[in-house]
Amino acid sequence: MDKKVPLHLLPVGQKAKVIVLLNKGLSRRRLLDLGLIKDSLVKTERLSPSGNPIAYNIKGSVIALRKEETKNVLVEIIS
Amino acid sequence: MGLTSQSSGFSLLKEKFEIQKKPNQKVIALAGNPNTGKSTLFNNLTGLNQHTGNWPGKTVTNAQGTFKYKDNDYLLVDLPGTYSLLANSVEEEVARDFICFGNPDITIVISDSTCLERNLNLVLQVLEITDNVIVCLNLMDEAKRKGITINIKKLKEKLGVPVIPMVARDGKGSKELLDTIDKMIKKEIKTTPYRLTYNKKTENIVNEIEKKLKNLIGNKLNTRWLSLRLIDGDKQILKSIDEIVKNNSLSKEEI
Ligand SMILES: Nc1nc2c(ncn2[C@@H]2O[C@H](COP(=O)(O)OP(=O)(O)O)[C@@H](O)[C@H]2O)c(=O)[nH]1
Ligand SMILES: [Mg+2]
């Protein structure tokens with residue numbers, strides 16, 4: 001099983017390590033500022049009622065991100 | 001050495017931010033991530049002497065308050081809580097423009113000690129813009145409860161600016177902060193803010209742009225930082241520089 005997934009597909013409660021950000025420009029800058037840096041840890045906390053945005057725990061803060069942005073973030077699931 | 005904003009009296013406080021300060025009042029900007037105790041510290045320092053409104057032309061709340069300490073009167077400006085000064089939200093634009101173009105005498109960055117790594121992003125960005133920075137490590141009680149210890153001395157050395165542990169909710173650390181503010185205003189504290197050096201190619205381009213910027217706006221603002229933003233392709237910054245150039249004739253008379 002491939003343990004690498006785009007962040008928006010990381011199941012609730014699951015922890016992962018950031019592999020690469022494919023976003024460009026401002027979107028990239030924003031995600032970096034929020035703490036999605038290569039090798040940093042991220043965990044899916046919960047889904048919003050419509051499934052978008054999704055709340056993630058990143059470096060100790062819970063932050064809601066939209067799928068349009070997180071689909072370009074590749075993470076590796078940590079078991 | 002070039003003229004600093006303080007010595008030339010240059011500032012866009014009134015024009016751009018509609019901030020009225022009394023002649024001898026010192027301006028302090030309060031920055032920080034959301035939920036780090038910014039409002040709590042603001043209230044501690046200013047008590048009832050505050051007033052809130054909006055930033056000119058923005059739907060972002062602006063709180064200003066005054067206080068006195070030792071020989072000085074201060075105007076404290078509560079900036080919007082942000083994780084960064086670079087991305088494209090109105091809050092970040094307001095915070096950034098104020099720190100860069102408002103030329104506060106001191107910028108305080110309040111940080112959450114329980115997740116310092118996240119908070120240091122903003123700290124480093126502020127250190128890139130201005131020399132007169134004080135970092136407050138708030139929520140030290142929570143950090144202690146979670147078994148987190150922070151080597152304050154080491155952090156101070158690395159960042160090159162004063163670092164003050166506090167528990168704003170209990171008023172702890174306020175005295176040390178006020179004394180540090182007082183010393184910084186009196187120039188008894190010399191800071192050596194941590195600044196990134198980029199790769200050679202980037203540094204060369206920065207130097208080129210910086211030369212041109214200096215011709216245009218002089219030494220009043222941090223031209224290195226402005227050059228870096230121009231490389232980012234930041235259009236908002238370009239607009240702000242434009243305003244400055246238009247204001248320049250006015251400030252030259254003051255110089
Ligand atoms: N435990 C603890 N809580 C604090 C401290 N400082 C502020 N708080 C609490 O943290 C919450 C957010 O504070 P606030 O000042 O509104 O943060 P702001 O969003 O940065 O303006 C409030 O519930 C405060 O009472 C502190 O030093 N320790
Ligand atoms: Mg607040």
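Worth knowing before you read on, the calculation uses all heavy atoms, side chains too, and leaves out hydrogens, waters and symmetry mates. The chains referred to below are lettered A, B, ... by the order of the sequence lines, with proteins before strands, and numbering in each begins at 1.
Both the backbone and the side chain of A:Ile58 come within contact range of chain B, each with at least one heavy atom under 4.5 Å from a heavy atom of that chain. Of the atoms belonging to A:Arg30, heavy atoms from both backbone and side chain fall under 4.5 Å from chain B.
Within a 6.0 Å radius of CZ in A:Arg66, more than 12 heavy atoms belonging to other residues, nucleotides or ligands are found. No more than 12 heavy atoms of other residues, nucleotides or ligands shown are found within 6.0 angstrom of NZ on B:Lys144.
By number of non-hydrogen pairs under 4.5 angstrom with chain B, the leading residue of A:Gly60, A:Gly35, A:Ser61 is A:Ser61.
Considering CG of B:Asp234 and CG of A:Leu26, their distance stands at 8.0 Å, rounded to 0.5 Å. Taking OH from B:Tyr83 and CG from A:Leu32, the interatomic distance works out to 15.5 Å, rounded to the nearest 0.5 Å.
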Side chain to side chain contact (heavy atoms under 4.5 Å, CB included) between B:Gln125 and A:Asp33, intermediate numbers included:
CA-CA 10 Å; B:Gln125 289 183 8; A:Asp33 283 333; 3.1 Å; yes
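Using non-hydrogen atoms only and a strict 4.5 Å limit, the part of residues 110-119 of chain B facing chain A consists of B:Cys115, B:Glu117, B:Arg118.
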